[in-house]
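A note on names: the letters A, B, ... follow the listed sequences, proteins ahead of strands, and every chain is numbered from 1.
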2 protein chains.
Amino acid sequence: MNQKDQVCQYKLMASRDALEVIQGKWRIPIIIALTHGTKRFGEIQRDISDISPKMLSQELKALEMNKIVKRTLHDTMPVTTEYSLTPLGESMTNLLNEILNWGLHFREEVLKRDN
Amino acid sequence: MNQKDQVCQYKLMASRDALEVIQGKWRIPIIIALTHGTKRFGEIQRDISDISPKMLSQELKALEMNKIVKRTLHDTMPVTTEYSLTPLGESMTNLLNEILNWGLHFREEVLKRDN
DNA sequence: GTAACTACTTACCCAGAGGTAACTACTATA
DNA sequence: TATAGTAGTTACCTCTGGGTAAGTAGTTAC
């Protein structure tokens with residue numbers, strides 16, 4: 001295996017680690033919603049209007065396990081739950097921005113011309 | 001809807017466009033393999049050792065339709081096929097780099113401590 | 001007392017993502 | 001003649017991501 005191939009293998013490994021966390025229809029949208037500050041369950045649901053409570057609950061749990069999202073219970077009446085990004089979640093800012101930039105670029109380059 | 005919400009909705013839309021293209025287990029790895037230059041079918045298959053010819057063929061077709069990848073047939077004997085990134089595919093460089101960076105960061109922060 | 005809001009959970013279902021294995025068709029080499 | 005390499009295709013199967021709908025448990029407002 002030459003050096004170029006080794007670099008390629010290294011990159012492929014790193015991308016797989018990242019993909020395992022951000023894979024799926026809802027994780028990136030949920031993280032984006034939380035970059036705008038701490039939010040409650042219902043607020044996220046309103047932001048991402050077509051997510052079901054089941055999927056939101058499930059994906060929030062997965063993100064919590066991966067230490068991307070932090071869940072805080074408040075002893076108010078009634079009990080409220082708040083979700084926020086951990087430092088690891090906040091470290092995704094650059095990644096999220098590039099996804100957004102490229103999404104806009106893609107829309108301009110390809111999607112427009114199809115319509 | 002206040003201004004903050006509008007920005008959030010705008011971002012969510014852009015991320016969905018991008019996600020539709022990069023969604024799935026194999027697309028990002030295939031694009032990464034092609035950032036190292038034009039490659040043939042078998043070369044990509046060797047780089048990504050656990051992809052089946054079926055999935056590689058299928059995902060390359062999808063990437064071609066989205067104008068990320070270009071397929072070139074060479075009239076040699078036997079016929080050879082070459083795959084390369086289009087300018088739109090090359091415009092993903094920053095996005096790919098951020099995925100790699102974050103993947104490495106994530107491995108350091110979380111995966112290590114689990115072992 | 002009943003309707004509505006909070007934050008979920010549970011049960012059920014289905015399409016499609018992805019895996020495996022075998023097959024095609026052509027060329028080159030031993 | 002047979003084995004290996006080129007670049008895929010096809011058939012079949014399984015599993016799970018995600019959708020829908022309804023239920024739960026507590027609080028508050030009318």
Co-membership, hydrophobic cluster, residues B/Ile48 and B/Leu96, 4.5 Å side-chain: yes
A/Thr80 and A/Phe41, any side-chain heavy atoms less than 4.5 Å apart: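 Not in contact.
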Could you check which nucleotide pairs with [N] in any of the strands shown, counting Watson-Crick or G-U wobble with both distances under 3.5 Å?
{"N": "D/dT28", "value": "C/dA3"}
{"N": "C/dG19", "value": "D/dC12"}
{"N": "C/dT10", "value": "D/dA21"}

Sugar-phosphate only, base, or nothing, as touched by B/Arg46 at under 4.0 Å among non-hydrogen atoms: sugar-phosphate
Measure the distance from [atom1] on [X] to [atom2] on [N] and round it to the nearest whole Å.
{"X": "A/Ile22", "N": "D/dG17", "atom1": "CD1", "atom2": "P", "answer": "16 Å"}
{"X": "B/Leu19", "N": "D/dG17", "atom1": "CG", "atom2": "P", "answer": "16 Å"}
{"X": "B/Gln23", "N": "C/dA15", "atom1": "CD", "atom2": "C1'", "answer": "16 Å"}
{"X": "B/Ile51", "N": "C/dG18", "atom1": "CD1", "atom2": "P", "answer": "9 Å"}
{"X": "A/Glu59", "N": "D/dG19", "atom1": "CD", "atom2": "C1'", "answer": "13 Å"}
{"X": "A/Ile28", "N": "D/dG18", "atom1": "CD1", "atom2": "P", "answer": "13 Å"}
{"X": "B/Leu56", "N": "C/dT20", "atom1": "CG", "atom2": "P", "answer": "15 Å"}
{"X": "B/Glu43", "N": "D/dG5", "atom1": "CD", "atom2": "P", "answer": "15 Å"}

Check for a donor-acceptor pair, side chain of [X] on one end and backbone N or O of [Y] on the other, with a separation under 3.5 Å.
{"X": "A/Glu82", "Y": "A/His74", "answer": "no"}
{"X": "B/Ser49", "Y": "B/Arg46", "answer": "no"}
{"X": "B/Gln9", "Y": "A/Asp47", "answer": "yes"}

Where protein sits on nucleotides 8-14 of chain D, one letter per nucleotide: B base, S sugar-phosphate only, - none, heavy atoms under 4.0 Å: BBBB---
side-chain contact (heavy atoms from CB on, under 4.5 Å) assessment of B/Val7 paired with A/His36: CA-CA 9 Å; B/Val7 173; A/His36 290 249; 3.8 Å; yes
Minimum-distance nucleotide (side-chain atoms of A/Lys25 versus C/dG19, C/dT6, D/dG19): D/dG19
Ion pair A/Asp50/A/Lys25, N-O distance below 4.0 Å: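 Looking at A/Asp50 and A/Lys25, the cut-off is not met.
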